[in-house]
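As the structure lists them, so they are numbered: ligands from 1, and atoms in each ligand from 1.
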Amino acid sequence: MIHRIIALLMVLLLSRITLAGERKVLFIGIDGCRPDAIAKADTPNLDRLIKEGAYSTNTSILGPRECGNETVSGPGWSSIYTGVWADKHGVKDNEFEGSNYDRYPHFFSLLRQKRPDAITAAFCDWKPIADKIVSQATVNECPTEELKGAEAYVAADEKLAQQAAEFLKSEDADVVCVYFGQVDETGHAKGFHPTVPEYVAAIETVDRHLGALLQAIAARPHAADEEWLVVATTDHGGQGLRHSDGHKIDEIRRVFLLASGPGVKKANGDPQTYIVDAVPTALAWLGVEIDPKWELDGTAFGAE
Ligand SMILES: [Zn+2]
């Protein structure tokens, strides 16, 4: 009898292992995107992910300790992609001087330390991210020159979304990072506010791109055997036409963090989160054990 029970348990355990899909991550960056403007915008794709996943609009772009960074993109994306604050990654502003990515690299490098054959891809139209922050990427797509103005970013976002969708449809991939620049550029030109139609429209456009990426994932050859987590966040909000000097301005320093995938539970209320939580969230989903030597500053949100 006992043997039968053990055999049955083995069968159940094995079937559970084969039933669980291969875990993957789509990591979305929307530069300068206020969560109150997402709430105002018509964003069916984000709305569905938010409804089905863990979502916080109480996400600080600044650490609980003073680390000297400006409320701008260089330190923001460095914190998001490395999982540590500016006193570790060293980027205080958009000059990137003093960057310490050798010691605190992009999380692709952390993943590769544990899984050397992991396939990673970055599609990004803010050139400093592709040139300076991304490392250990199988694919690193980026415009050849630094872009200027909202129109250029609108066109580049569209092209990147197409490239990323093509990649997602056909290629083997474990983690794909996609960064969109037009929301920030539109904010600088027209205003960072949910009452600014152009700013809201830029968020809606990015949501359509996200929809194309989700469709591409659904069309993957082995989609049924895969479980994708979508992580999405931003580096700062904005007030008026700017977001610098925003250490005490909630519209700038408080943003959002989303983690949505099969089995991810809704957050209780609107928990305090930090942009450095995005990397531990992605790594937790992938089953990568956090190495204490990495000195990550965040904790996983939603995913386990
Ligand atoms: Zn930015």
Student: Once rounded to 10 degrees, what value does the angle at the Zn ion (ligand 1) take between OG (Ser73) and NE2 (His236)?
Tutor: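 That angle is 120°.
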Student: Would the distance check show the side chain of Thr234 and the main-chain N or O of Gly32 forming a donor-acceptor pair, the cut-off being under 3.5 Å?
Tutor: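 Checking the backbone N and O of Gly32 against the side chain of Thr234, a donor-acceptor pair under 3.5 Å is found.
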Student: Report yes or no: does Asp184 have an N/O/S atom closer than 2.8 Å to the Zn ion (ligand 1)?
Tutor: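 It does not: Asp184 brings no N, O or S atom closer than 2.8 Å to the Zn ion (ligand 1).
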Student: Quick check: of its N, O or S atoms, which one does Asp31 have closest to the Zn ion (ligand 1)?
Tutor: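 In Asp31, the heteroatom (N, O or S) nearest the Zn ion (ligand 1) is OD1.
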Student: Of all the N, O or S atoms in Asp235, which has the shortest distance to the Zn ion (ligand 1)?
Tutor: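 Answer by atom name: OD2.
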Student: From Thr234, does some N, O or S atom reach closer than 2.8 Å to the Zn ion (ligand 1)?
Tutor: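 No, since none of the N, O or S atoms of Thr234 sits under 2.8 Å from the Zn ion (ligand 1).
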Student: What side-chain donor-acceptor pairs closer than 3.5 Å can you find for residues 139-154, not counting sequence neighbours?
Tutor:
from, atom 1, to, atom 2, distance (Å)
Asn140, ND2, Ala130, O, 3.0

Student: Can you confirm whether or not the ring centre of Phe123 sits under 6.0 Å from the ring centre of Phe167?
Tutor: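 Distance test on ring centres: under 6.0 Å, yes.
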Student: The criterion is salt bridge (Lys or Arg N to Asp or Glu O under 4.0 Å); which residues satisfy it with Asp47, sequence neighbours excluded?
Tutor: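 If we apply the salt bridge (Lys or Arg N to Asp or Glu O under 4.0 Å) test to Asp47, skipping adjacent residues, there are no hits.
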Student: May I ask you to decide if the ring planes of His106 and Phe108 are parallel, tilted or perpendicular, using 30° and 60° as cut-offs?
Tutor: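 Plane angle between 30° and 60°, so tilted.
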